[in-house]
Each structure stands twice: as structure tokens, then as C-alpha cells.
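In this text, all values refer to a predicted model and were calculated from it rather than measured experimentally.
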Amino acid sequence: MFEGKAAVVREKAGPLVIEDVKLGEPRHDEVVVRIVGTGVCHTDIVVRDQGYPVPLPLVLGHEGAGVVEAVGDGVRSLQPGDHVVLAFGHCGVCGSCKAGRPGYCVEFYDRNFKGARLDGSQTMCDVHDHPVGSAFFSQSSFGAYAVATERNAIKIRKDVPLELMGPLGCGVSTGAGAVLNALKPHAGSSIAIFGAGSVGLSAAMAAAATGCAKIMMVDLHDDRLALATELGATHVINALREDAVARIRELSETGGVDFSLECTGNDKVLVQAIDALRIPGVCGLVGAPAAGARVNLDMNTLLFGRTVRGIIEGDSVPQVFIPQLIELWRLGKFPFDRLVKFYDLADINQAIADSESGLVLKPIVRPT
């Protein structure tokens with residue numbers, strides 16, 4: 001039995017309340033991880049507000065990093081003491097998983113948004129032994145401990161700051177992977193990125209690392225755009241003051257960019273990201289809107305060879321991609337640490353508020 005604090009959301013759009021919880025021993029394919037740091041992601045906020053109807057009460061958190069404390073009897077690749085980053089849940093055996101595309105696992109929703117194990121059981125209970133919604137993204141890492149599976153606990157080297165690494169499990173790898181794994185821009189190509197949050201800035205850093213000649217960042221905040229310039233953007237556009245599409249077309253000199261990436265989850269911004277493409281061009285969608293969101297498009301925009309594709313979790317295989325990003329960071333080519341600010345778990349609501357307001361790009365909460 002493992003006991004510690006966790007942040008529990010009990011009502012729609014309500015505060016996260018720090019409570020005492022208990023976790024049992026790991027099952028056959030599970031590991032118990034002592035959490036060192038967990039990133040706050042936009043998806044945590046969407047679920048808190050029930051944009052995705054995950055049952056409450058619930059412990060959120062899906063960018064955890066920590067130390068393995070116990071392993072199930074079927075776990076072979078991990079042992080107590082290993083440092084791990086917790087990624088998303090996937091089955092490992094469906095066609096998508098076997099093809100190296102676990103983000104499109106046939107069980108993706110149930111393993112990440114059910115708020116329980118597949119069999120409906122919970123990994124956590126409160127001090128009165130009442131079950132607490134958990135297994136969010138196969139982890140629920142806003143707390144002192146989390147139960148994960150062997151597949152989504154990614155072993156990493158021990159000579160890097162573990163408390164920093166959690167965001168590699170989702171937000172940072174989503175942005176970087178959208179560029180490196182999904183869009184795959186060639187050296188000398190052009191890309192426009194809409195939304196200079198942690199996902200968009202991670203995408204900009206990846207685009208710079210891959211040799212894009214023109215990296216255009218669109219946002220509403222001058223401070224974020226200034227940081228984007230420092231992290232690799234060649235051009236920045238404040239959409240409050242300029243027509244973003246017109247400016248992108250002007251800068252591209254080819255009628256539009258080769259690639260665009262929509263990171264906001266806003267339907268009108270997605271239309272802009274598509275309209276900013278040259279013919280042909282590819283737009284990637286990673287922004288997470290509320291369930292049921294729709295977009296109104298002129299079909300002729302696509303008829304002339306433009307492509308729009310959704311990208312889940314950066315099209316990554318976490319066991320491969322997360323260590324790769326760590327190596328890029330160690331080489332100084334992917335400075336995602338410039339996006340983060342640390343908070344104590346007790347201050348998690350302030351961390352979320354600072355994320356929502358745009359004051360902080362990537363909060364990381366640390367259990368105390």
C-alpha cells in the first residue's frame with residue numbers, strides 16, 4: 001500500500017483539492033511510480049471543465065516523471081529505482097500499435113479518458129476507502145504516487161533533471177513530434193505554426209532543428225512571440241494587429257507555406273492554418289477542442305491538393321521518441337526547459353490559472 005497526497009477534482013470546473021489517497025500494489029503489468037514532477041497540460045483543463053466527459057471525482061495529470069517504486073510480476077523492462085517519464089496509455093497489440101502508431105490505438109480513449117482501468121477498477125481510493133477516479137492517461141500523476149503500465153512508463157537516463165522531464169510525456173512531444181514524425185518538413189521548407197504555447201513552441205524548436213528555412217509563428221501575445229524568435233522562429237505575426245494569412249502569403253513568396261500546424265483547438269484558427277498553405281500543402285491539427293466542435297470550410301480549399309490531418313501525441317513511439325528529445329535537449333538543440341515554471345502541488349490551482357491566463361507556458365507541479 002502506498003499513501004500520499006493527490007489533487008482531486010470533484011465537480012465540473014471546480015478547484016483541485018489536495019487530499020490523502022491510497023494506492024494498492026501494482027497488478028501484473030503495472031508499476032508504481034513516486035512522482036517527482038508533473039506538467040500541466042491543456043487537456044487537464046479541458047477535462048476539469050468536462051469538455052471531455054471523464055467521470056468525476058478524478059485525479060488528473062498525464063505528464064508525470066518519477067522513480068519506479070514497485071513493479072508487477074509480469075514487468076520485465078523496468079525495476080525499482082528506474083527513472084521514468086509517463087506517456088499515454090495504449091494496448092501494444094492492435095494493428096496501430098504494432099505498426100508503430102500507438103497514438104491511434106483502438107483502445108486509446110478507454111485507456112486514457114475512461115477515468116479507470118479497462119475493467120472499471122480504480123488505482124486510488126480516499127482515506128475512507130471510497131474509490132477515486134484514476135488511471136487518467138494510464139497514470140493520474142497529480143500526486144505523490146501514480147500507477148502506470150509497463151508500456152507507458154518510459155525508462156530514461158538518470159543523469160538528467162527528472163523533475164523537468166514530465167512534459168516530454170505529452171505536450172512537448174506532441175508539438176515536436178507533429179513536426180519531426182508527422183509533417184516531416186524537408187530542409188529549406190516553410191512552416192506556419194498557430195499558437196505559441198508550449199506545444200507550438202516545441203514545434204518551432206523541432207522545425208529549427210530539422211532545417212526549415214522559414215518558421216512563422218502566429219499568436220496574440222508579444223512576449224510569447226519574442227520567445228518564439230529566440231527559440232527558432234524566423235518570422236512572428238501578432239494576429240491582433242495583422243491579417244495572419246495575408247502576412248504568411250507575403251512572407252512565403254510562393255502563395256503560402258509548405259506546412260502549417262494548428263495548436264489552439266479554435267475552429268477559426270484552423271481555417272486560417274489551412275488558408276495559409278500553398279498548393280499543395282499540409283496542415284496538421286494538434287489543438288484539442290471540446291468534444292463535438294465543428295469547422296466550416298470552403299471545400300475548394302482542399303480540392304486543390306491541400307491536406308489536413310489530425311496528429312495524436314506527435315505520431316510518436318514514446319519509448320523511442322522521448323529519449324531522442326532528451327538527447328536533443330542535452331545537445332542544446334531543443335531547449336524546452338525555457339518553457340517551464342515549477343510549483344508545489346499545494347499551489348496546483350495557481351499553476352493552472354497561470355497556464356490559462358498565458359502567464360506561464362508549461363507549469364510543472366512537484367509533490368512536497
Side-chain angles (χ1 to χ4, degrees), residues 1-10 16-38 54-93 97 102 105 107-108 110-156 158 162-163 165-166 169-170 318-319 322 345 365-368:
M1 182 71 68
F2 296 84
E3 300 181 1
K5 303 288 186 181
V8 183
V9 58
R10 291 192 170 273
L16 278 63
V17 180
I18 307 301
E19 301 183 14
D20 293 311
V21 298
K22 297 185 288 187
L23 298 82
E25 295 297 323
R27 292 185 176 183
H28 177 75
D29 65 340
E30 292 179 340
V31 298
V32 176
V33 177
R34 175 175 56 82
I35 298 298
V36 173
T38 301
V54 186
L56 303 178
L58 176 69
V59 176
L60 293 164
H62 64 286
E63 293 183 348
V67 180
V68 175
E69 293 288 310
V71 302
D73 58 14
V75 174
R76 297 290 178 265
S77 62
L78 297 169
Q79 60 185 1
D82 284 342
H83 288 193
V84 293
V85 169
L86 304 183
F88 56 91
H90 56 284
C91 74
V93 296
C97 287
C105 173
E107 295 179 349
F108 186 90
D110 283 347
R111 289 181 179 270
N112 295 286
F113 291 99
K114 187 175 181 178
R117 293 185 177 101
L118 288 184
D119 64 3
S121 65
Q122 301 293 357
T123 66
M124 299 183 189
C125 64
D126 63 20
V127 293
H128 304 293
D129 293 326
H130 298 145
V132 175
S134 51
F136 181 61
F137 273 73
S138 295
Q139 52 180 283
S140 286
S141 50
F142 281 159
Y145 293 95
V147 174
T149 71
E150 182 177 17
R151 285 180 301 280
N152 74 302
I154 314 305
K155 184 177 178 179
I156 64 170
K158 291 185 177 181
L162 183 57
E163 63 184 4
M165 297 295 144
C170 184
Q319 288 85 351
I322 289 174
L345 181 64
V365 294
R366 298 179 291 195
T368 52

Under 4.5 Å between any side-chain heavy atoms of [X] and [Y], yes or no?
X	Y	answer
Ile322	Ile156	yes
Arg366	Val36	no
Arg111	Leu118	yes
Val67	His83	yes
Glu30	Arg117	yes
Phe88	Pro318	yes
Asp82	Val31	no
Val8	Leu16	no

Legend entry - Atom pair CD/SG of Glu63 and Cys170 - distance to nearest 0.5 Å: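 It comes to 5.0 Å.
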
Inset, instruction - Calculate, to the nearest 0.5 Å, the distance between atoms CD1 and CG belonging to Ile35 and Leu86 respectively. - result: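 Rounded to the nearest 0.5 Å, the CD1-CG separation comes to 5.0 Å.
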
Check whether any side-chain N or O of [X] sits under 3.5 Å from a backbone N or O of [Y] as a donor-acceptor pair, and report yes or no.
X	Y	value
Thr38	Val365	no
Gln139	Ala87	yes
Glu19	Ala6	no
Gln122	Gly115	yes

Closest heavy-atom pair and its distance - [X], [Y]:
X	Y	result
Leu23	Met1	O-SD, 3.2 Å
Met124	Val59	SD-CG2, 3.7 Å
Val32	Gly24	CG2-O, 4.0 Å
Gly72	Pro26	N-CG, 3.7 Å
Gly92	Cys97	N-SG, 3.3 Å

Name the atoms and distances for all side-chain donor-acceptor pairs under 3.5 Å in residues 142-151, with sequence neighbours left out.
unit_1	atom_1	unit_2	atom_2	d
Thr149	OG1	Arg151	N	3.4
Thr149	OG1	Asn152	N	3.3
Thr149	OG1	Asn152	OD1	2.6
Glu150	OE2	Arg76	N	3.0
Glu150	OE2	Ser77	N	2.7
Glu150	OE2	Ser77	OG	2.7
Arg151	NE	His90	O	2.7
Arg151	NE	Cys91	O	3.3

Inset, instruction - Kindly indicate, with the supporting measurements, whether the criterion side-chain contact (heavy atoms from CB on, under 4.5 Å) is fulfilled by Val54 and Leu60. - result: CA-CA 10 Å; Val54 186; Leu60 293 164; over 6 Å; no

Inset, instruction - Let me know which of Thr123, Asp73, Asp119 forms a side-chain hydrogen bond (donor to acceptor under 3.5 Å, both in side chains) with Arg27. - result: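 One option only clears the test, and that one is Asp119.
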
Inset, instruction - With sequence neighbours excluded, tell me which residues meet salt bridge (charged side-chain N to carboxylate O under 4.0 Å, His left out) with Lys22. - result: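 Expected list: Asp129.
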
Legend entry - Residues which pass salt bridge (charged side-chain N to carboxylate O under 4.0 Å, His left out) with Glu25, listed by chain and number, not counting sequence neighbours: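 Salt bridge (charged side-chain N to carboxylate O under 4.0 Å, His left out) list for Glu25, sorted by chain: empty.
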
Legend entry - Whether Phe136 and Phe113 hold their rings parallel, tilted or perpendicular, with breakpoints at 30° and 60°: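 Because their plane-to-plane angle is over 60°, the rings of Phe136 and Phe113 count as perpendicular.
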
Legend entry - Verdict with supporting geometry, Ser140 and Ser134, side chain to side chain donor-acceptor pair (under 3.5 Å): CA-CA 5 Å; Ser140 286; Ser134 51; 5.2 Å; no

Inset, instruction - Taking atom NZ of Lys114 as the centre, report whether more than 12 heavy atoms of other residues, nucleotides or ligands fall under 6.0 Å from it. - result: yes

